[in-house]
Colleague: 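If you scroll down you'll find the structure; I have some questions about it.
Sequence lines set the chain letters: A, B, ... in the order given, protein chains first and strands last, and positions in each chain run from 1.
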Amino acid sequence: MPRADAFFENVYEAVRAIPPGRVATYGQLARLIGVPRGARAVGWALRALGGRAARKVPWHRVVAADGRIPLRAGPGPGVQRRRLRAEGVRFTSGRVDLRRHGLRA
DNA sequence: CGTATGACGAGCC
DNA sequence: AGGCTCGCCATAC
């Protein structure tokens, strides 16, 4: 059972569960870990992700609810976009096509 | 212990 | 459609 401070771990675990070629939104992840309104907190957790730990977590598969990539993400939005593209994620007008790559049940 | 901050989201104007 | 404000959650100070 989850410890009280397992929030970050839960976030990372949820992100790790995102298959290549697919993306999830902050709010969606928050919901998966049982905190429906914790989208911002999820962002906090990912931000706390150091470069070292970032190697184990596919943070680039996390985008905003509208499919757009936050400008303050990781090393830079360009990196994230490039990585997603490398996984076959399609972009439409700078936005990820969530209907096609969104995390679905 | 109260205030401020932030890789967000939904609602309103 | 686009932009602004308020609300939520978990930290930092």
Colleague: Taking the nucleotide of DNA chain B with the nearest heavy atom to each, does A:Trp44 or A:Ala39 sit closer to the 5' end?
Modeller: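 Between the two, 5'-proximity favours A:Trp44.
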Colleague: If I take atom OH in residue A:Tyr12 and atom C1' in nucleotide C:dA10, what distance separates them, rounded to the nearest angstrom?
Modeller: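 It is 12 Å, rounded to the nearest whole Å.
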Colleague: Select one nucleotide: of C:dA10, B:dG9, B:dA7, the one nearest the side-chain heavy atoms of A:Val35.
Modeller: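 In terms of side-chain proximity for A:Val35, the closest of C:dA10, B:dG9, B:dA7 is C:dA10.
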Colleague: Just the rounded figure in Å: distance from P of B:dA7 to CZ of A:Phe8.
Modeller: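 Taking CZ of A:Phe8 and P of B:dA7, I get 13 Å after rounding.
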Colleague: What is the separation between atom CZ on A:Arg95 and atom C1' on C:dG2, rounded to the nearest whole Å?
Modeller: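 It works out to 13 Å between those atoms.
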Colleague: Ignoring hydrogens and angles, tell me if any N or O in the side chain of A:His60 forms a donor-acceptor pair with the backbone of A:Arg81 under 3.5 Å.
Modeller: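 Flag not set: sc A:His60 to bb A:Arg81 has no pair under 3.5 Å.
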Colleague: Taking all non-hydrogen atoms of both residues, which atom of A:Thr25 and which atom of A:Ala64 are closest, and how far apart?
Modeller: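 Here A:Thr25 and A:Ala64 meet closest at CG2-O, 3.6 Å.
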Colleague: Determine whether any donor atom in the side chain of A:Arg40 lies under 3.5 Å from an acceptor atom in the base of C:dG7, or the reverse, and answer yes or no.
Modeller: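 In this structure, the two groups form a donor-acceptor pair.
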Colleague: May I have the distance from A:Leu98 (atom CG) to B:dC8 (atom P), rounded to whole angstrom?
Modeller: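 It works out to 15 Å between those atoms.
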Colleague: Roughly how many Å is it from CZ in A:Arg31 to P in B:dG9, rounded to a whole number?
Modeller: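 Roughly 12 Å, once rounded to whole Å.
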Colleague: To the nearest Å, give me how far apart CZ (A:Phe7) and C1' (C:dA12) are.
Modeller: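 One finds 16 Å between C1' of C:dA12 and CZ of A:Phe7, rounded.
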Colleague: Is the shortest side-chain heavy-atom distance between A:Leu29 and A:Val15 below 4.5 Å?
Modeller: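 The answer is yes, as the side chains (C-beta and beyond) meet within the 4.5 Å cut-off.
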Colleague: By the salt bridge (Lys or Arg N to Asp or Glu O under 4.0 Å) test, which pairs, at least two apart or in different chains, include something from residues 52-74 of chain A?
Modeller: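 For residues 52-74 of chain A: A:Arg61-A:Glu87.
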Colleague: In whole angstroms, how far is the P atom of C:dC9 from the CG atom of A:Leu29?
Modeller: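 It works out to 17 Å between those atoms.
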Colleague: Could you check how far CG of A:Asp66 sits from C1' of B:dA7, rounded to whole Å?
Modeller: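 Taking CG of A:Asp66 and C1' of B:dA7, I get 13 Å after rounding.
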Colleague: Looking at the side chain of A:Tyr26, which of C:dA10, B:dA10, B:dA7 is the nearest nucleotide?
Modeller: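 Output: B:dA7.
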